[in-house]
Novice: 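Before anything else, here's the structure in question.
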Amino acid sequence: GEQTLVNRTVGKLVSLREELKHKPLSGTLGIGHTRWATHGRPSEENAHPHTAGPVTVVHNGIVENHLSLRASLEARGHVFTSETDTEIFSHCIREKLDAGLDLTAAVRSILNDIEGSYAIAVISSTEPDKIVVAKNASPLVIGLGDGETFLASDIPALLHHTRDFIYLHEQEMAVVTADGVELSTIDGEVFERAPKHITWTPSQAEKGGYKHFMLKEIHEQPRAMVDTLRGRISLETGDVHLEDVTLDDARVKAIDRIYLCACGTAWHAGLVGKRFIEQWARIPVEVDLASEFRYRDPLVTENSLFIAVSQSGETADTLAALKEAKRRGARVLSVCNVMESSIARESDDIVYTHAGPEIGVASTKAFMTQMLALNLVALFLGRRRGTATAGAVTHALSQLSQLPGLVEHILTDSTDVERIARKYVAARDFLYLGRGENYPIALEGAVKLKEISYIHAEGYAAGEMKHGPIALIDEDMPVVVISPQGSHYDKTSSNLQEVMARQGRVIGVATEGDSDL
Ligand code: M6R
């Protein structure tokens, strides 16, 4: 008979690669997963895949009712070898195989009992020619090759093998073989879905000479911004054309409130977007963290416009917030980077950022293009509601169209940035200050420093500094003050003085040529 070989290691992927050198695997079909520890510590026993009898499973997601499922499986004699929630899949499916079901039917029969999120891939040595997959609230894409078929959570992982993809939707399953895929809902309804050909190229999933993806993506910003603007603006008429927005004039005029929802960096982009929209369209905008919005009984009505901002289009809280707003009758527009993603599919209107795949964990070009796309939405709404004149919008658009070149200019020389980074490398805490649209930028700067350098940092509205955080300022706490020329310049400059007066060390972010600051 056929045999399933398993290799698992702890730590970085490179240790798995080493292990495989000593214990190579061969075969025509395989599954793998890098686990992000939720239930149970990172250890070899807890690593995926999880096996029970002939069944082997990998899983991305969280099974919320795993304790009760585990207790009843144990009561029926199943012996668990890990602390994970995932392991319940292999035992449940094994039980169904033992009862005489084939693999596909066995997987299908257990899914209704699972509460929580999953993208699973299941193999069995009893049916060694197929992988059975199922999806609910965790992403899963299928890549079609020539005599070979691929699975992944995300498109960039497969760009070297194929650009033809089928996206699984919620509560769908697929039986994957070398020749292709058979799709069905978890309730057993068979259906077909045409594959989509992706324009992203394999080179977009390579580092292309950069040390890491984040650096590459920082340098991709000018190109990404050009792509966000492409075909959408007319510098002659001041028109903004958003190809996937079908809101009619009556609906645009009826909007009485906008809810902007997102997580993390995308939320910061939303805070900037609020200013654009209120300025141009004169509609009040509330910005919420998606994880708060969904549980706060929001006052959404049919006259609300809900805007979700998400790079991946798969962030669970943002998706749930969107569904909640929709349920309450709101029109839903999303600013999103990934075509066909769950958030894009659930939305009435979409503004794609066209930033290309963002592979680095830290959002860079996505953030930039989200702000730009929200700016376009603001100008679009302003024109349609008559709160912004063609002349004013034309002027704004011509400034926006210069942005990619300005960003390019900034990126040509990073010696100052590197010098400053070296100087402050030993600091334990940073403060970031900004006013107006630079307040969210300060928040984002602080998140970036935390996430990438593991240095504690806080972002503050510069005007709030005297209401508390000023107590922290001394020569050990560098303060980044974002103070370009513009309406908040004088005010922010006085905050800078307050920092200096307390021996604080200031890193100024200023307009080129501003020697005063
Ligand atoms: O894919 P999304 O834009 O929905 O992701 C939301 C956040 O997880 C994300 O912006 C995160 O905060 C950044 N990658 C951090 O740099």
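The structure displayed is predicted, hence computed values, not measured ones. Counting starts at 1 for both ligands and their atoms, in listed order.
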Novice: Does any N or O atom in Ser312 lie less than 3.5 angstrom from one in ligand 1, N or O only?
Specialist: yes

Novice: Among all protein heavy atoms, pick the one closest to atom 3 (O) of ligand 1 and tell me residue, atom and distance.
Specialist: Gln311 N, 2.6 Å

Novice: Any idea which atoms of ligand 1 are less than 4.0 Å away from a heavy-atom of Glu451?
Specialist: 15 (C), 16 (O)

Novice: If you measure every N/O of Gly264 against every N/O of ligand 1, is any gap under 3.5 Å?
Specialist: no

Novice: Show the nearest heavy-atom pair for residues Val58 and Ile31, with the distance to one decimal.
Specialist: N-CD1, 4.0 Å

Novice: Considering only non-hydrogen protein atoms, determine which one is nearest to atom 6 (C) of ligand 1 and report residue, atom name and distance to 0.1 Å.
Specialist: Cys263 O, 3.4 Å

Novice: For the atom pair CG (Asp317) and CZ (Phe293), what is the distance rounded to the nearest 0.5 Å?
Specialist: 12.0 Å

Novice: Under the 4.0 Å line, does any protein heavy atom show up next to atom 8 (O) of ligand 1?
Specialist: no

Novice: Which residue owns the protein heavy atom closest to atom 13 (C) of ligand 1, what's the atom, and how far is it?
Specialist: Thr265 OG1, 3.5 Å

Novice: Given Ile198, which partner from the list Leu158, Ile155, Thr162 fulfils the side-chain contact (heavy atoms from CB on, under 4.5 Å) test?
Specialist: Ile155

Novice: Check the angle between the aromatic planes of His33 and His48 and answer parallel, tilted or perpendicular using the 30° and 60° thresholds.
Specialist: tilted

Novice: With a cut-off of 4.0 Å, which atoms of ligand 1 are near a heavy atom of Ala266?
Specialist: 3 (O), 10 (O)

Novice: List the closest protein heavy-atom neighbour of atom 14 (N) of ligand 1: residue, atom name, distance to the nearest 0.1 Å.
Specialist: Val361 O, 2.8 Å

Novice: What are the atoms of ligand 1, with element, lying closer than 4.0 Å to any heavy atom of Lys448?
Specialist: 16 (O)

Novice: With no hydrogens and no angle check, do the side chains of Thr265 and Glu444 hold a donor and an acceptor under 3.5 Å apart?
Specialist: yes

Novice: Sort out for me which residue in Glu217, His268, Glu358, Met214 forms a side-chain contact (heavy atoms from CB on, under 4.5 Å) with Ser363.
Specialist: Glu358

Novice: List the closest protein heavy-atom neighbour of atom 5 (O) of ligand 1: residue, atom name, distance to the nearest 0.1 Å.
Specialist: Thr315 OG1, 3.4 Å

Novice: Any side-chain heavy atom of Thr246 sitting closer than 4.5 Å to one from Arg331?
Specialist: yes

Novice: Are side-chain heavy atoms of Val338 and Ile343 found at a separation under 4.5 Å?
Specialist: no

